[in-house]
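A quick write-up on the structure given underneath.
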Amino acid sequence: MKEKVVIVTGGSSGMGKAMAIKFAKEGAFVVITGRTLERLEEAKKEIEQVNGQILCYQMDVRDPDNVHNMVRTTKDTFGKIDFLINNAAGNFLCPAEELSNNGWHAVIDIVLNGTWYCSQAVGKEWIASNQKGSILNIVATYAWTSGAGVIHSACAKAGVLAMTRTLAVEWGSKYGISANAIAPGPIENTGGFDRLIPSSSEAYQQKINSIPARRFGQPEEVANLAYFLLSPQSDYINGECITIDGGQWLNRK
Ligand code: HXC
């Protein structure tokens, strides 16, 4: 992973930050993006302790011009891009019948459109410079199992899964670009976890009981999987989605 360049969207907290730290530890140059400059700066300080080569870029994945400029800046700073991790997400619990159009659009825009803007911008850069690269998308098991209160996110993540497989085939055949996905279950110390399963809620204990591993996942475990999926050891894996949830989705009643 030495001197590989990896972009992690939503890289200032939770799983994004854990992935950035893991790649930095292994010698990669890391670009983290996020909407809040202060949070990016804080994460940068933490990541710099393991590797000084880090760029933080304030942007909203919903803005294609922002995304384009981030890709340009990464190229100008490091000379190339090797990996894109589409981790930025937006989510909140809301009954489907109560969800407003703006609420629907906010989540679809961040998760589905944002992933597309980043993937296309980086992909075009790889194609133009005749370079191979790899995309890793973060989805969720409820993209195929369903989940009450997350219709916007479930539909967006299902779209991202379809995007992963389509790009794996289309760009894989033409340009040697690969695309894979990770579907995390409940991962502690992340924005999604705090929003969907507050520790005070009844759902908290029920969730633990539903997981064969009898515990929640940790961001570092997702980071280790991301590292494997972008390392040469997994070169022959393309268009795949790996679930990391302690066996939870198989155990649904
Ligand atoms: C109902 C809500 C709402 C809620 C927002 N909205 N929160 N509706 N219940 N709890 C509605 C608002 O009322 C508004 O609609 C519309 O959504 C847009 O809200 P804004 O706050 O203006 O949008 P914005 O500032 O762009 O924020 C986007 C967001 C927010 C998605 C709404 O939650 C956010 O920024 N989240 C980023 C962090 C995050 O969610 N991380 C978790 C991702 S984890 P109206 O009609 O009022 O104008 C994940 C995977 C989890 O996704 C997997 C776990 C297993």
Side-chain angles (χ1 to χ4, degrees), residues 8-19 32-40 43 58-63 66 85-115 117-118 136-161 163-164 181-199 201 203-204 206-208 210-211 213 215-219 221-223 225-226 241-252:
V8 186
T9 67
S12 61
S13 63
M15 287 188 285
K17 188 171 79 176
M19 289 188 274
I32 53 170
T33 81
R35 277 183 281 165
T36 316
L37 189 58
E38 299 77 61
R39 289 176 73 183
L40 281 169
Q58 185 185 17
M59 68 157 206
D60 191 328
V61 292
R62 289 173 281 192
D63 181 337
N66 261 204
I85 303 181
N86 285 306
N87 166 72
N91 208 349
F92 53 83
L93 282 174
C94 184
E97 67 278 18
E98 288 170 22
L99 184 63
S100 71
N101 287 340
N102 276 346
W104 169 264
H105 284 298
V107 173
I108 298 288
D109 269 352
I110 296 171
V111 176
L112 182 58
N113 296 342
T115 298
Y117 297 145
C118 293
L136 184 61
N137 293 324
I138 307 301
V139 298
T141 49
Y142 54 60
W144 63 89
T145 61
S146 80
V150 288
I151 184 129
H152 41 14
S153 176
C155 292
K157 296 286 193 186
V160 172
L161 196 51
M163 195 189 305
T164 309
I182 291 177
I187 307 295
E188 273 179 324
N189 303 313
T190 63
F193 188 91
D194 296 342
R195 265 158 215 267
L196 305 183
I197 320 166
S199 54
S201 69
Y204 187 89
Q206 282 170 0
K207 281 273 184 223
I208 294 188
S210 74
I211 302 170
R215 67 171 178 86
F216 294 119
Q218 296 300 318
E221 294 179 299
V222 177
L225 178 58
C241 176
I242 313 275
T243 300
I244 175 163
D245 72 344
Q248 186 199 25
W249 84 270
L250 290 167
N251 199 32
R252 285 165 63 91

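In listed order, ligands and their atoms are each counted from 1.
For Asp245, the side-chain hydrogen bond (donor to acceptor under 3.5 Å, both in side chains) criterion is met by no residue, not counting sequence neighbours. Not counting sequence neighbours, Tyr142 has no partner by the ring-ring contact (aromatic ring centres under 6.0 Å, His included) test. Among residues two or more places apart in sequence or in another chain, the salt bridge (charged side-chain N to carboxylate O under 4.0 Å, His left out) test is passed with Asp63 by none.
With 3.5 Å as the limit, one finds a donor-acceptor pair spanning the side chains of Asn86 and Asn137.
Contact annotation: the side chain of Arg39 approaches that of Ser13 to within less than 4.5 Å [non-hydrogen atoms, C-beta and beyond].
Between Arg215 and Glu221 there is a salt bridge, since at least one side-chain N of the basic residue sits less than 4.0 Å from a carboxylate O of the acidic one.
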Just the distances, no angles: every ligand 1 N or O to protein N or O pair closer than 3.5 Å, one line each.
residue: ligand 1; atom: 15 (O); partner: Ser100; partner atom: OG; Å: 3.2
residue: ligand 1; atom: 26 (O); partner: Arg62; partner atom: NH1; Å: 2.8
residue: ligand 1; atom: 26 (O); partner: Arg62; partner atom: NH2; Å: 3.0
residue: ligand 1; atom: 33 (O); partner: Arg195; partner atom: NH1; Å: 2.9
residue: ligand 1; atom: 35 (O); partner: Arg35; partner atom: NH1; Å: 3.3
residue: ligand 1; atom: 35 (O); partner: Arg35; partner atom: NH2; Å: 2.6
residue: ligand 1; atom: 40 (O); partner: Asn91; partner atom: N; Å: 2.8
residue: ligand 1; atom: 40 (O); partner: Asn91; partner atom: O; Å: 3.4
residue: ligand 1; atom: 40 (O); partner: Arg195; partner atom: NE; Å: 3.3
residue: ligand 1; atom: 46 (O); partner: Ser100; partner atom: OG; Å: 2.6
residue: ligand 1; atom: 48 (O); partner: Asn102; partner atom: ND2; Å: 2.8
residue: ligand 1; atom: 52 (O); partner: Asn91; partner atom: ND2; Å: 3.1

